[in-house]
Amino acid sequence: MKRALPILAVLAVLLAAIAIVNPFFLEPAGFLSFVRRAAPLVILAAGQYLVIVSGEFDLSVGSLVTVEVVVAARLIDGDEAATWPVLALLIVLGLFVGLVNGAVTTLLRVPSFITTLGMMLVLSGAVFLWTGGAPRGALSQAFRMFGRQTGWAVLTLVVVAVAAVLLMRANFGRTLIAIGDNERTAALSGVRVTRVRLIAFTLSGVSAAVAGILLGGFAGVSAQVGQGLEFQAITAVVLGGVVLGGGRGTVIAAMAGALTLEALFTLLNLYGVSGALKFTVQGVVLIAAVAAGAIRLPFLDAPKVKGDAHAVS
């Protein structure tokens with residue numbers, strides 16, 4: 001939990017700054033509206049954390065989010081009765097893409113950066129081929145309520161967050177971090193490295209599916225709805241103090257990093273800063289976060305033995 005304190009402090013400062021500029025933010029409706037907007041990125045960051053802390057990357061989640069929204073609109077096409085079957089199909093699709101990423105990375109030994117970059121291109125090309133750049137169909141009102149209605153979005157976020165924390169406190173979380181810390185030592189200790197990483201990639205795909213469902217409801221149908229989200233998720237995880245290369249960091253800090261990033265963008269928007277600078281700001285934050293992560297802070301580092309899990313929640 002100590003490792004989450006710096007990013008939680010930054011988040012608190014940003015939220016206070018937003019409240020000063022926009023007093024409505026202090027009201028429950030205003031704050032919950034912010035949480036609703038941040039929910040998709042927080043969920044993506046939780047899934048990305050599982051992959052990064054194990055020593056890998058997943059660059060396909062943004063394209064997968066777009067696929068989820070486009071497929072949902074095409075299959076539902078305004079039919080309320082089709083909502084729940086399509087929702088189930090979207091979760092299965094996310095699971096399948098994550099499983100393929102994990103299998104190619106772990107079984108075929110293709111670096112995850114290349115695997116998921118290739119998957120990102122495959123999904124982006126498939127969307128363009130299927131839609132011709134102009135998505136067809138429409139989402140039903142039952143589908144859109146998950147992203148539009150604050151209660152559903154917040155509830156979904158809470159469920160995912162609690163599940164992620166419990167997962168990292170279980171044996172799976174400890175072995176996942178141990179693999180990222182020292183894969184060879186973990187394997188010699190009896191950890192099934194391939195299976196654990198396969199599960200991590202699969203859960204990342206499922207998190208992208210859930211984020212896609214929320215974004216589809218909130219932002220509507222677009223062929224660019226997931227554009228750049230993979231980099232935002234990675235930035236959020238790194239901003240939360242999770243070390244690239246794996247082995248150190250907490251899922252709480254990763255999700256707090258996503259909230260912090262969303263708070264920063266909200267504050268810039270309130271001050272009238274052009275949205276065109278969003279990627280510039282994101283790049284600066286990413287570089288600064290990685291540089292800060294290279295600085296060892298003694299009060300955050302408890303005595304540990306190489307190969308041990310450094311954080312589990």
Under a 4.5 Å side-chain heavy-atom rule over Ile, Leu, Val, Met, Phe, Trp and Tyr, are Val162 and Trp152 clustered together?
yes
Are the side chains of Thr266 and Arg37 in contact, using a 4.5 Å heavy-atom criterion?
yes
Among Val86, Thr83, Asp77, Asp79, whose side chain to side chain contact (heavy atoms under 4.5 Å, CB included) with Ser140 holds?
Thr83
Test side chain to side chain contact (heavy atoms under 4.5 Å, CB included) on Ile7 and Leu239; report intermediate values, then the result.
CA-CA 7 Å; Ile7 191 61; Leu239 186 59; 3.6 Å; yes
Val221, Phe218: one ILVMFWY side-chain cluster at the under-4.5 Å cut-off?
no
Supply the atom-to-atom distance Ile213 CD1 to Glu68 CD, rounded to the nearest 0.5 angstrom.
6.5 Å
In this structure, would Leu270 and Phe24 fall into the same cluster of hydrophobic residues linked by side-chain contacts under 4.5 Å?
no
For the pair Ser204 (side chain) and Ala200 (backbone), establish whether a donor and an acceptor sit closer than 3.5 Å, ignoring hydrogens and angles.
no
Would you say the side chain of Phe25 lies within less than 4.5 Å of the side chain of Leu15, judging by non-hydrogen atoms?
yes
Closest heavy-atom contact between Thr116 and Phe57?
CG2-O, 3.6 Å
Rounded to the nearest 0.5 Å, how far does CD of Glu56 lie from CZ of Phe113?
12.5 Å
With side chains defined as the heavy atoms from C-beta onward, is the minimum distance between Val165 and Arg169 less than 4.5 Å?
yes
List the steps, then state whether side chain to side chain contact (heavy atoms under 4.5 Å, CB included) holds for Ser112 with Val51.
CA-CA 9 Å; Ser112 60; Val51 176; 5.7 Å; no
Out of curiosity, Leu267 CG to Thr260 OG1, how far, rounded to the nearest 0.5 Å?
12.0 Å
With a 4.5 Å limit on heavy-atom distance, are the side chains of Val53 and Ile179 in contact?
no
Treating Ile, Leu, Val, Met, Phe, Trp and Tyr as nodes and any side-chain heavy-atom pair under 4.5 angstrom as an edge, say whether Leu59 and Val122 lie in one connected cluster.
no
If only atom types and distance count, is the side chain of Arg144 paired as donor or acceptor with the main-chain N or O of Leu139 below 3.5 Å?
no
Begin with the C-alpha distance, continue with both residues' side-chain angles, and end with the deciding distance and a verdict on side chain to side chain contact (heavy atoms under 4.5 Å, CB included) for Met255 and Val160.
CA-CA 11 Å; Met255 292 186 290; Val160 171; 5.8 Å; no
Given 3.5 Å as the limit, does a donor-acceptor pair link the side chain of Arg36 with the main chain of Val154, or not?
no
Taking Arg136 for the side chain and Trp130 for the main chain, is one N or O donor matched with an acceptor at less than 3.5 Å?
yes
Provide the closest heavy-atom pair for Ala164 versus Ala46 in the form atom of the first, atom of the second, distance.
CB-CB, 4.5 Å
Test Leu176 against Met168 for side chain to side chain contact (heavy atoms under 4.5 Å, CB included), laying out the working first.
CA-CA 8 Å; Leu176 189 67; Met168 292 309 297; 4.2 Å; yes
Just so I know, are the side chains of Leu167 and Leu203 near enough to count as touching, which here means a heavy-atom distance under 4.5 Å?
yes
Nearest heavy-atom contact between Pro40 and Ala211 is O-CB, 3.6 Å
Could you measure the distance from the CG atom of Leu14 to the CG atom of Leu261? Nearest 0.5 Å is fine.
10.0 Å
Are Val69 and Leu229 connected in the hydrophobic side-chain network, where two residues link if heavy atoms are under 4.5 Å apart?
yes
Using modelled atom types only, decide if a donor and an acceptor are shared between the side chain of Ser189 and the backbone of Val191 within a distance under 3.5 Å.
no
Please give me the minimum heavy-atom distance between Ala45 and Ala236, naming the atom from each residue.
CB-CB, 4.2 Å
Return yes if some donor-acceptor pair links the side-chain N/O of Ser63 with the main-chain N/O of Met120 below 3.5 Å, else return no.
yes
Any side-chain heavy-atom pair from Val97 and Asn101 closer than 4.5 angstrom?
yes
Report yes if some heavy atom in the side chain of Phe265 is under 4.5 Å from a heavy atom in the side chain of Gln232; otherwise report no.
yes
Val21 backbone acceptor or donor facing Tyr271 side chain under 3.5 Å:
no
Tightest non-hydrogen contact, residues Ala256 and Leu11, listed as O-CD2, 4.4 Å
Considering all heavy atoms, the nearest Ala263-Ile18 contact
O-CD1, 3.5 Å
Expected output: side-chain Glu262 to main-chain Phe34 donor-acceptor under 3.5 Å:
no
Nearest 0.5 Å, what's the CG-CG distance between Leu90 and Leu75?
8.0 Å
Report yes if some heavy atom in the side chain of Gln227 is under 4.5 Å from a heavy atom in the side chain of Thr66; otherwise report no.
no
Could you grab the distance from atom CG of Leu93 to atom CG of Leu64, nearest 0.5 Å is fine?
6.0 Å
Checking Gln141 side chain against Glu80 main chain: does a donor-acceptor pair fall under 3.5 Å?
no
